[in-house]
Amino acid sequence: MTPTPDSTEPHAEPDHEHSPGRRSLVLTSVSAAALFLLLRVLAVAEWNWDTAFAITHTVNFDDAIGIVLGTLMANEAATGVLLILLLPASVIFAVWPLDGGRRTASAYLLAATMVAASGALISTAHAWWVLAGASTVAVVLILARLFWHHGPVHRVVRFASRRIGAIAVLAALLLAAVVRTPWVPLEHIEIGDERVTGYVMSSEPGFLKILPADDRELMIVADTAVTHREEAAAAH
């Protein structure tokens, strides 16, 4: 006689934490973060391999968030152009999903990030051209949503709606590759009788690692030789 399975026996729950989809997402995120840092180091070194190798020893990879934020704030023009495209797209697709799609927390988070970054850039640098450009793109997207339900325009909008997160990541990687300004502020540094304008990439007990703004050859200077430091922005 075949035993009847005990209906009260608990069934094993699927291990979502170790599911292939989750592992793939984690691997993709880690790879994108590593590529972002690599592109930033190469861009700051002006794609000189030796200088880039020296800079890697000044990078604290635990401070990746600071590097990302420093990149976004380092070049107002490049960041502004990306925000013109990403701000309206992220907000519209978050509050008005295409084809009846669900509103997701990640879409709201991306939209909130774009709004915060745009607000900070516009208020600080008085970059009203960013708001004007984003408003124009928003009008175009809204008209496309209202009047183009078929054809190439609809397909482009649908693709952008479904891949807005990936587009944002690609935009960040592009920014990392083209912005040569480091993620630390520009300083005027007096070393004895010499005045160097550059970036303090690392400040360790006993020495500083300075990347000059002009020749991008990393300097190692004893901290006792530095007589004065002043941020370039504060000097104006």
Is a donor on one side and an acceptor on the other found under 3.5 Å between the side chain of Arg40 and the backbone of Val179? yes
Kindly say whether Gly206 contributes a backbone atom to a donor-acceptor pair with the side chain of Asp223 at under 3.5 angstrom? yes
Rounded to the nearest 0.5 Å, what separates atom CD in Glu190 from atom CZ in Arg229? 12.5 Å
Residues that, via side-chain heavy atoms closer than 4.5 angstrom, fall in one hydrophobic cluster with Leu109: none
Main chain of Phe53, side chain of Thr56: is a donor-acceptor contact present, judged purely on distance under 3.5 Å? yes
Distance from Asp50 atom CG to Arg216 atom CZ, nearest 0.5 Å? 16.0 Å
Drop me the distance from Glu187's CD to Thr197's OG1, to the nearest 0.5 angstrom. 10.0 Å
Show which residues join Ile220 in its hydrophobic cluster (side-chain heavy-atom contacts under 4.5 Å, direct or indirect), or state none. Phe207
Output yes when a side-chain donor or acceptor of Thr51 lies under 3.5 Å from a complementary backbone atom of Trp47, and no otherwise. no
With a 6.0 Å cut-off (strictly less than), is the heavy-atom count around CD of Glu76, excluding the residue itself, greater than 12? no
I need the Ile191 CD1 to Ile210 CD1 distance, nearest 0.5 Å. 4.0 Å
Side chain to side chain contact (heavy atoms under 4.5 Å, CB included) between Val91 and Met114, intermediate numbers included: CA-CA 8 Å; Val91 172; Met114 294 299 102; 5.7 Å; no
Start with the C-alpha distance between Leu174 and Leu170, add both sets of side-chain angles, then the distance that settles side chain to side chain contact (heavy atoms under 4.5 Å, CB included), and finish with yes or no. CA-CA 6 Å; Leu174 176 63; Leu170 291 176; over 6 Å; no
Run the numbers on Phe36 and Val169 for side chain to side chain contact (heavy atoms under 4.5 Å, CB included), then give the verdict. CA-CA 9 Å; Phe36 180 90; Val169 171; over 6 Å; no
